[in-house]
Protein chains: 2
Amino acid sequence: MQANLQQDEPRSPRYYRIYQAMLSDIQQGSLKPGDVLPSEMHIAQSYGVAPGTARKAIDMLVDRGWVERQHGKGTFVRRADFSHSLARFFRLTDREGVQLHPKSELLDIRVVPGTTDICHHLDLPDDSELIQIERVRRVDEMPLLHEVIYLSRTRFQSLLNLPPDAWGDLLYPLYEQVCGEVVFRATDTLSVGPVPESPAHHLDLPPGVQVIEIARLARGYDERPLEWRLSRGRLDWFHYSFDIR
Amino acid sequence: MQANLQQDEPRSPRYYRIYQAMLSDIQQGSLKPGDVLPSEMHIAQSYGVAPGTARKAIDMLVDRGWVERQHGKGTFVRRADFSHSLARFFRLTDREGVQLHPKSELLDIRVVPGTTDICHHLDLPDDSELIQIERVRRVDEMPLLHEVIYLSRTRFQSLLNLPPDAWGDLLYPLYEQVCGEVVFRATDTLSVGPVPESPAHHLDLPPGVQVIEIARLARGYDERPLEWRLSRGRLDWFHYSFDIR
DNA sequence: CAGTGGTCTAGACCACACC
DNA sequence: GTGTGGTCTAGACCACTGA
């Protein structure tokens, strides 16, 4: 844990190397989501720097979203929260502008041979067995999204034994509780394409019409790919808004 | 004993009030894009705080994108750079993965009566006259985007007298040089809809097919709306990728 | 060279959470 | 109360820029 920062190569500043060391502790798993970091004073002493320098290292972790400060309590490793990520893409408000939360319905879970493409995304050998999960997400009974999700069979095996009523709206807490795999970040890629027959059926659309496709690769703290999913949604509900600069 | 009325608002930290004061200087225009800020020492003295406190205020301006530090030279008010914003949405690379830059072609510029909707976006009275600009943006002669742009006539009048060869690929530098209006930030909203006849013609598409629509509201340093534009592009070129958390 | 930002120190006092 | 993070001070030395 403790690095020798006294004889520094002035390549990188001390606060930066402390930041890297603590980030590595988080990514390696010696600091887990929800854990409290050592106090700023303790960090300063154990690395042999002034409190302000240790604080600047923690500032970097906060800015980059790895930890959260709680005044009077401590600094804690952050847990990812994707619960509102759908609202980024779809108009999930009722007529009074109140946020709506989509319900998930599990359609199917089975083991399938992985395609080259998906195995590559998941950093697995070409013909690995995968768990395939199919879901529909609805708002007010209106089907909003159809999702197909792929996971490594070896890593998520215990999902297969879950009773149907254990499946809630959110998968990532389930991954954590049942399989001990924590999703920290994800990359979403949007595109548009024709909808195949099965998703079309669940979205109440004729096959072949254009839908928005959201491909997501979710990763753990150590950047290992954990999940690949393809979500398809109706174009007429789609919108996405954000700031430049 | 009377309660202290000032405690209605809890006292904000000094660095934050200095940040607000300097931000207001930028938004009011007493500090313009490209201007150099007073040195950290000078700011500290003029506000009567320690250098570290002044520095923290500047840190906030840097983090929020208002100013840029240049080691050994000074801290400067930032100029917005939207030149690569299109690359966020479209695959603008050739087969070797080299970035391509779209060329703009001016189709039309005229004065039109504003619709209620657009005038509202621009914060103008309902029936204001607007300047309407129509453009096509091409990569390798391939039409990528059709754009319709609306500006307040009173504020951008001098654009109407520009010779055709004065129009380059980028409009925002033109706004700044010709009309003294500086775009600092913009909000883009993505959706999908059927393409009307005129844009369809310029995009080599049959009217009515689905296209991606990017509505942009651009604002100045003081948050006043300056420009509203609607860009339409072919779905098969569209993609958008980004990180969550 | 003088002036700027970049790093760092070694303290101080305050506000908040928990016991 | 103790321990935590939040703010602030008044310096120090370094690295970079430009005259």
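So that the names make sense, note that chain A is the first sequence line, chain B the second, and so on, each numbered from 1.
Heavy atoms of Arg14(B) sit under 4.0 angstrom from primed sugar atoms or phosphate atoms, though from no base atom.
Minimum atom distance to the side chain of Arg69(A) is reached by dG6(D), of the listed dG6(D), dT9(C), dA17(C). When the nucleotides dT9(D), dG6(D), dT7(D) are ranked by their closest atom to the side chain of Glu40(A), dG6(D) comes out on top. Considering only the side chain of Thr53(B), dC8(D) comes nearest among dC8(D), dT4(C), dC8(C). When distances are taken from the side chain of His71(A) to each of dG6(C), dA10(D), dA15(C), the shortest belongs to dA15(C). If you check dA17(C), dT7(D), dT7(C) against the side chain of Lys73(A), the one that comes closest is dA17(C).
The pair Arg69(A)-Glu40(A) counts as a salt bridge, with a side-chain nitrogen and a carboxylate oxygen less than 4.0 angstrom apart. Using a 4.0 Å cut-off between charged side-chain N and carboxylate O, Glu105(B) and Arg137(B) make no salt bridge. Looking at Arg185(B) and Glu223(B), a side-chain N of the basic residue comes within less than 4.0 Å of a carboxylate O on the acidic one, giving a salt bridge. A salt bridge between Asp63(A) and Lys56(A) is absent, with no side-chain N of the basic residue lying under 4.0 Å from a carboxylate O of the acidic one.
At whole-Å resolution of the value, CG in Leu61(B) and C1' in dG5(C) are 15 Å apart. As a whole-Å value, the separation of Lys56(A) NZ from dG6(D) C1' is 16 Å. Atoms CD (Gln45(A)) and P (dG11(C)) sit 11 Å apart, rounded to a whole Å. In this structure, the CE atom of Met41(B) is 13 Å from the P atom of dC13(D), given to the nearest Å. Look at CZ on Phe76(A): it is 10 Å from C1' on dA17(C), rounded to the nearest Å. In this entry the distance linking CZ of Arg55(A) with P of dG11(C) reads 18 Å, nearest Å. Atom CE in Met60(A) sits roughly 13 Å away from atom C1' in dT7(C) (whole-Å rounding). The distance from atom CG of Leu37(B) to atom P of dG3(C) is 19 Å, rounded to the nearest whole Å.
Where Gly52(A) and Gln70(A) meet DNA chain C, the nucleotide closest to each residue was compared, and Gly52(A) sits on the side nearer the 5' end. Nearest-nucleotide assignment on DNA chain C puts the 5′-proximal partner with Gly74(B), out of Gly74(B) and Gly72(A).
Between Tyr15(B) and the phosphate of dC8(D), there is no side-chain N or O to OP1/OP2 separation shorter than 4.0 Å. Contact check, Thr75(A) against dG5(D): a side-chain N or O comes under 4.0 Å of OP1 or OP2.
No donor-acceptor contact under 3.5 angstrom links the side chains of Gln28(B) and Tyr221(B), judged on distance only.
Between Ser158(B) and Val178(B) the shortest heavy-atom distance is OG-O, 3.6 Å.
An angle of 10°, rounded to 10°, separates the two end axes of the helix from dC1(C)-dG18(D) to dC18(C)-dG1(D), each defined over five pairs.
Partner of Ser231(B) under the side-chain hydrogen bond (donor to acceptor under 3.5 Å, both in side chains) criterion, chosen from Arg135(B), Glu147(B), Arg216(B), Glu213(B): Glu147(B).
Put simply, CD on Glu181(B) and CG on Leu174(B) are 12.5 Å apart, with the number rounded to the nearest 0.5 Å.
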